[in-house]
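Values below: every heavy atom of this structure, side chains too, minus hydrogens, waters and symmetry copies. Residue numbering restarts at 1 for every chain, and letters A, B, ... go by the order of the sequence lines.
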Amino acid sequence: MDTPPITRLTKRSEFLACAQAPSCAKGAVVVQARARGDDDPAVRVGFTATKRIGGAVQRNRAKRRMREAARRVLPDHARPGHDYVLIARGGVITRPWDRLLDDVKTALVRLAADRPAPQIR
RNA sequence: UCAGACGGCCGGGCGGUCGCGGCCCUUCGGGGUCGAGGAAAGUCCGGGCUCCACGACGACAUGGCGGUGGGUAACGCCCACCGGGGGUGACCCCAGGGAUAGCGCCACAGAGAGCAGACCGCCCUUUUCCGCAAAGGCUUCGCAGGGCUCGCCCUCCGAAGCAGAGCGAAGGAGGGUAAGGGUGAAAGGGUGGGGUAAGAGCCCACCGGGCCGCUGGCGACAGGGGCCGCAUGGCAAGCCCCGCCAGGAGCAAGACCGAAUAGGGAUCCCGCGCGCUCGCAAGAGGGCAGGGCCGUCGCCGGCCCAGGGGUCCGGGUAGGUCGCGAGAACCGGCCGGCAACGGCCGGUCCAGAGGAAUGACCGCCGCGUCUCCGCAAGGAGGCGGCACAGAACCCGGCUUACAGGCCGUCUGAUCUC
């Protein structure tokens, strides 16, 4: 099976929809996962870093690290037809890179185990 | 060499493997190219741009600015100069218009603080008391001489005492004095001399100040002259006065396109008939007839409808496109100007934007720091050490933040010659 395309979330409404979805906090990130319920197998992902992280420089750096982590982890651990939102927590900038990857991976696995995705052809 | 003043600049570099955003090309595999800052920050001023308002004007209110002359699109910015203050100096600092337009304030301290003021001190007059006391005087006594009416008188000298002009000290009363002490942010020009009872611009010299000409300068001002002895302070970041500048909102400005759904309007087609019950009414219920759908075309049965359907127009939401980067641009040269800056010539194209592009891992080098080895030069290793910080419509400024480092000019010391 081909890996579904991964695109970015860009609309505020899409982020808000994911905010209602199940989430899992692990290490330096919080991951929200939402089954869109349409027939598109695409995986979409968005990133959030609030002002609690710091100024613009810190927030940008947090999003870049999360984006790179998602790029490494999502193709193997994301479920098709889902939207994911990664929210930065306090230590996301100083977290060692391997640990950050583990955080995202285990959060994704746990979300997939908690609620199996509806069957998608 | 050491201290310091001012101005300017950099703010990690090279490489590898995966990646990211815009644009272009593409044989759709990919390729090419560009891709954060000096502050992108704070959003404090000034503009461009856009919409709204508007008589293109004036007045008032409010806010801002405030030495002069330049620069600029403009500014509260920049440059040069002037004045004042600080520093040995290079240089630095100044909210730097008006205090005889008016109002107000000047706390505390202090005797007195805005038509000044007598606490201490100084001086004069007077008075009380005390001390000292010249020349001379008076009283008493002694001694000597002389006279005579024999008891006194006169003279010289000595002793004691008294009064005493005057001097000194203390106190009281009246007055003079702003030089001194003390208070204060500030005490009604300063310093020196004369003068005086003591003092005082009372007088004089210099400095300061005011007024009026002159000279230089575009000007702020400066220089010098004459006159005036000259009480009349500070605060205008208290109100105020004067001059100058400001219509308001901001790219979520604003322009265009515009789905689904639900409203609105126009028009066309079909239907919109009868009676009953409940209800004040709006309306609700069900019957016959009508229309639609389904089962089998119809009869018949079920369900649904009091309206249904089509076309067009308009507002408008999500969303999309534009606004949006070739400009008060940058680089180099020449010219003008002390400079800010301006002009000309040549060259370059240089991010774009949306939930927002620069990251992850690694190697080498640089810098910093720590540990160890070494007499030293140096070497080895560790670091989760390498600033402040991320364009969001765009410019010109200001302000604030910033590890470390570089360059230039100048000043004061010191050393060598």
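- Ranked by how close their nearest RNA chain B nucleotide is to the 5' end, Thr48(A) and Asp98(A) are led by Thr48(A).
- Separation of atoms OG1 (Thr106(A)) and NZ (Lys26(A)) is listed at 4.5 Å; rounding is to 0.5 Å.
- Under the Watson-Crick and G-U wobble criteria, each requiring two contacts below 3.5 Å, nucleotide C393(B) is paired to G48(B).
- Straight-line distance between the P atoms of C9(B) and G37(B): roughly 15 Å, to the nearest whole Å.
- Across all strands shown, U125(B) forms a Watson-Crick or G-U wobble pair with A173(B), both key distances being under 3.5 Å.
- Of all nucleotides present, none satisfies the Watson-Crick or G-U wobble test against G315(B) with each distance under 3.5 Å.
- Distance CZ (Arg71(A)) to P (C20(B)): 7 Å, rounded to an integer number of Å.
- Pairing of A159(B), defined by two Watson-Crick or G-U wobble distances under 3.5 Å, is identified with U140(B).
- No side-chain heavy atom of Asp76(A) sits less than 4.5 Å from a side-chain heavy atom of Leu108(A).
- Across all strands shown, the partner of C2(B) is G412(B), judged by Watson-Crick or G-U wobble contacts whose two distances both fall under 3.5 Å.
- Base pairing analysis places A39(B) opposite nothing; no Watson-Crick or G-U wobble pair with both distances below 3.5 Å involves it.
- Side-chain contact check for Tyr84(A) versus Arg79(A): some heavy-atom pair is nearer than 4.5 Å.
- Which of A360(B), G355(B), G19(B) sits closest to the side chain of Phe15(A) comes down to G355(B).
- Rounded to the nearest 0.5 Å, atoms CG (Asn60(A)) and CZ (Phe47(A)) are 13.0 Å apart.
- Between A36(B) and A351(B), the two P atoms lie 10 Å apart (nearest whole Å).
- Checking G238(B) for Watson-Crick or G-U wobble geometry (two distances, each under 3.5 Å) identifies C103(B) as its partner.
- With a glycosidic angle further than 90° from 0, G86(B) counts as anti.
- Base orientation at G238(B) is anti, since its O4'-C1' glycosidic dihedral falls outside 90° of 0.
- The line from CD1 of Ile87(A) to CD of Gln32(A) is 4.0 Å long, rounded to the nearest 0.5 Å.
- Taking atom P in both G142(B) and C152(B), the straight-line distance is 13 Å, to the nearest Å.
- Taking SG from Cys24(A) and CG from Leu111(A), the interatomic distance works out to 5.0 Å, rounded to the nearest 0.5 Å.
- Glu68(A) places its CD atom 13 Å from the P atom of C362(B), with the value rounded to the nearest Å.
- As a whole-Å value, the separation of Gln32(A) CD from G355(B) C1' is 14 Å.
- Regarding the sugar-base torsion, A266(B) falls in the anti class, its angle being beyond 90° of 0.
- What separates CZ of Arg65(A) from P of C20(B) is a distance of 19 Å, to the nearest Å.
- In G352(B) the O4'-C1'-N dihedral to the base is more than 90° from 0, which defines an anti nucleotide.
- Once rounded to the nearest 0.5 Å, the distance linking CD1 of Ile53(A) with NZ of Lys63(A) reads 10.5 Å.
- The nearest whole Å value for the distance from the CZ atom in Arg59(A) to the C1' atom in A41(B) is 14 Å.
- Atom pair Phe47(A):CZ and A360(B):C1' shows a separation of 13 Å (rounding to whole Å applied).
- The separation of G67(B) from C82(B), taken at their C1' atoms, amounts to 7 Å, rounded to a whole angstrom.
- A glycosidic torsion no more than 90° from 0 defines the syn conformation, and C350(B) adopts it.
- Taking atom C1' on both nucleotides, G98(B) is separated from G243(B) by 11 Å, rounded to a whole Å.
- Between Asp103(A) and the options Arg65(A), Arg89(A), Arg95(A), Arg110(A), a salt bridge (Lys or Arg N to Asp or Glu O under 4.0 Å) holds for only Arg95(A).
- Spacing between C305(B) and G279(B) at atom P, rounded to whole Å, works out to 26 Å.
- To the nearest whole angstrom, the two C1' atoms, one in C18(B) and one in A380(B), are 34 Å apart.
- When the C1' atom of C18(B) is taken as reference, atom CG of Leu74(A) falls 17 Å away, rounded to whole Å.
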**OP:** Go through the steps for Glu68(A) and Arg72(A) under the test side-chain contact (heavy atoms from CB on, under 4.5 Å), then give the verdict.
**Re:** CA-CA 6 Å; Glu68(A) 181 69 16; Arg72(A) 299 289 186 85; 3.4 Å; yes
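- The CZ atom of Phe15(A) sits 12.0 Å away from the CZ atom of Arg34(A) when rounded to the nearest 0.5 Å.
- Atoms CH2 (Trp97(A)) and P (G359(B)) sit 12 Å apart, rounded to a whole Å.
- C10(B) and C331(B) have their P atoms separated by 11 Å, given to the nearest Å.
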Polar atoms only, N or O, under 3.5 Å: list the protein pairs with nucleotides 389-391 of chain B and their distances.
residue, atom, partner, partner atom, Å
G390(B), OP2, Val57(A), N, 3.4
G390(B), O6, Arg64(A), NH1, 3.2

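- For C150(B), there is no paired base (Watson-Crick or G-U wobble, both distances below 3.5 Å).
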